[in-house]
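One structure coming up, written as C-alpha cells, with questions to follow.
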Amino acid sequence: MVDWNDPDLEAKLGVLSVQLLYAIFGLYSWEYIRSSHVEIALLRRQLPFRWPLLSYITARFSFLIAIILHVTVSSPFYIVVDCQSINFVIIFSTNVAIGCSTTNLMIRTWLIWKTSLLRLLLILLSLGHWTLLTLFVATIRASTINGVCMIDFVNPAYASAVLIYVMLYDLALLVFTVIGLLRMPSPSTLWKTLVKQGVVYFICSFLANLILLALARLNLNMIMNVIFGAPVGCICTIASSKVVLSLLRPPSNYESDSTSLAKVHPLTTNFTVTAPWSPSVSEAQETICIESRQVLHDP
C-alpha cells in the first residue's frame, strides 16, 4: 500500500510537478507564438476588433501570465515573493483562461439560437460558471514549503463541485449547439465544422477535468490534488483557441463549393460569426471564414 503522505514520496512528486510545469510552459509558449497571427493582425489594424474576440484574447493572455508566474515561482533561483498573493494571481489567471475558453463556446451557441429564453439560460449558466471559478480562488491557501512556494490547501469537495459543474456546462453547450444546428433545413460545411469542433472540445475538456475530479475525490495528498491543474488549463485554452482559429481556415471542399459561395454577398471581413444565425445565411458564414483568412494572411 502506497503511503501518499510519505515525505520522500511528496518530495519526488514535487519534482515531478515542477518538470510537468516546465513542459506545459514550453508547449503553451510554442502554441501561443505559433498562433499569434490574430493578435498581430489586430495590432496592425488588418483585422477589425469585434466583441466575440475579447474572450479569445483574454483566455490566451491570462493563461500565458499564469504559466509564466508559475514557472517563475517554481524556478531554482531564489526569489522573494508573497507566496499567498502570487498563487492567488496564478490561480485567478488560470481560472479566467478556463472561464473564457468555455465562453468562446457559449458565444457560438448564443449566436445560433434566437430564442430569448434559451439565451437567458445560457447567461445564467455562464454566470454560475464564473461565480464558482471566482469562489474557488478564494478557498485556496498557499505557503512556502522547503523553500518552494506551493498550494497547501484545497477543499476537495468544493473542487469536485466546480469540476462537475464545468463538465455539465460543456455538455449542455454541446447539446444546445447540435440541437440548434439540427433545426437548419440542410447541413452545410460550416454546420459539420461546428458540430465537429464542439465534440472535439467537449472530449478534450471532459477527459482533462475527469482526471482532476478523480484526484480530487481520492484526495491522496495536496500535490496530487493540484498537479494536473496547469495541464488542464493549458488543454482547455488551446482547444478553445483552435475552435476559434479553425473558422479562419477554408473548408476542404472549398473548390467544390466555390460556385454556390460566389453567389453570396460578403457580409463582413471579420472571422467571428455574426448574429443572427439562420439557415438562409449558413453559406454566407462560410464566405466570412474564407474572407477572414485572407484578411489575416494577405500583406
Side-chain angles (χ1 to χ4, degrees), residues 17-75 77 79 86-108 130 133 137 166 170 193 197-198 200-205 207-209 211-212 226-249 270-273 289 292-299:
S17 66
V18 173
Q19 292 174 345
L20 180 61
L21 184 63
Y22 277 97
I24 294 299
F25 172 71
L27 172 64
Y28 187 75
S29 298
W30 173 78
E31 176 62 28
Y32 190 93
I33 295 173
R34 179 173 169 269
S35 57
S36 60
H37 51 275
V38 174
E39 288 88 342
I40 293 174
L42 287 171
L43 291 174
R44 297 177 62 182
R45 298 184 180 180
Q46 293 178 313
L47 179 67
F49 181 80
R50 296 292 184 270
W51 67 267
L53 277 174
L54 183 61
S55 61
Y56 166 80
I57 297 173
T58 304
R60 283 165 51 85
F61 191 67
S62 294
F63 191 77
L64 181 65
I65 293 176
I67 197 66
I68 290 176
L69 290 177
H70 213 156
V71 167
T72 302
V73 172
S74 304
S75 68
F77 304 102
I79 302 175
I86 196 69
N87 268 280
F88 176 86
V89 176
I90 291 172
I91 301 300
F92 178 78
S93 299
T94 303
N95 282 3
V96 168
I98 294 174
C100 288
S101 297
T102 306
T103 301
N104 287 333
L105 276 295
M106 190 276 285
I107 290 175
R108 288 151 33 105
W130 280 102
L133 290 175
V137 177
V166 170
D170 289 339
T193 300
Q197 290 173 352
V200 170
Y201 177 82
F202 173 75
I203 292 175
C204 293
S205 176
L207 293 178
N209 284 293
I211 295 174
L212 271 183
V226 300
I227 191 172
F228 288 108
V232 168
C234 181
I235 291 172
C236 292
T237 305
I238 291 179
S240 177
S241 299
K242 291 292 185 182
V243 166
V244 176
L245 289 177
S246 63
L247 294 177
L248 296 173
R249 303 186 182 97
N270 185 25
F271 83 94
T272 53
V273 182
C289 300
S292 304
R293 183 173 181 270
Q294 295 174 348
V295 170
L296 289 180
H297 294 285
D298 290 347

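Computed over heavy atoms, backbone and side chain alike; hydrogens, waters and symmetry mates excluded. When a residue number appears, it is its place in the shown sequence, counting from 1. Values in this document were obtained by computation on a predicted structure and should not be read as measured data.
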Residues 87-101, side-chain donor-acceptor partners within the protein, below 3.5 Å, at least two apart:
| residue | atom | partner | partner atom | Å |
| --- | --- | --- | --- | --- |
| N87 | ND2 | C83 | O | 3.1 |
| S93 | OG | V89 | O | 2.9 |
| T94 | OG1 | I90 | O | 2.8 |
| N95 | ND2 | L133 | O | 2.9 |
| S101 | OG | A97 | O | 2.7 |

Inset, instruction - Measure the OH-OG1 distance between Y32 and T237 for me, rounded to the nearest 0.5 Å. - result: 11.5 Å
Inset, instruction - Would you indicate whether the side-chain heavy atoms of L69 and I86 approach each other to under 4.5 Å? - result: yes
Legend entry - W130 and T103, any side-chain heavy atoms less than 4.5 Å apart: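 Answer yes - side chains close enough.
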Legend entry - CD1-OG1 distance between I107 and T102, expressed to the nearest 0.5 angstrom: 11.0 Å
Legend entry - Euclidean distance, L42 CG relative to L53 CG, rounded to 0.5 Å: 6.0 Å
Inset, instruction - Say whether, by atom type as modelled, one donor and one acceptor occur between the side chain of T58 and the main chain of S55 under 3.5 angstrom. - result: no
Legend entry - Separation of R44 CZ from H37 NE2 (nearest 0.5 Å):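 So the NE2 of H37 and the CZ of R44 are separated by 13.0 Å.
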Legend entry - Over 12 non-hydrogen atoms of neighbours within 6.0 angstrom of CZ in F61: no
Inset, instruction - Can you measure from CD1 (I57) to OG (S241) and round to the nearest 0.5 angstrom? - result: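 So the gap between those two atoms works out to 10.5 Å.
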Inset, instruction - Tell me, please, which residues at least two apart from S29 pass side chain to side chain donor-acceptor pair (under 3.5 Å). - result: none
Legend entry - Evaluation steps, side-chain contact (heavy atoms from CB on, under 4.5 Å), between V200 and K242: CA-CA 10 Å; V200 170; K242 291 292 185 182; over 6 Å; no
Legend entry - Main-chain N/O of S35 paired to R60 side chain as donor or acceptor, under 3.5 Å: yes
Legend entry - Pairwise distance CZ(F25) to SG(C234) - rounded to 0.5 angstrom: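 F25 CZ to C234 SG: 11.5 Å, rounded to 0.5 Å.
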Inset, instruction - Ignoring hydrogens and angles, tell me if any N or O in the side chain of N104 forms a donor-acceptor pair with the backbone of Y56 under 3.5 Å. - result: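 Between the backbone of Y56 and the side chain of N104 there is a qualifying donor-acceptor contact (under 3.5 Å).
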Legend entry - Heavy-atom pair of closest approach, residues I235 and A208: CD1-CB, 4.2 Å
Inset, instruction - Indicate yes or no for a side-chain donor-acceptor contact from S240 to the backbone of C236 under 3.5 Å, with no hydrogens or angles considered. - result: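 Not at all, since once roles are kept as given, no pair shorter than 3.5 Å links the two residues.
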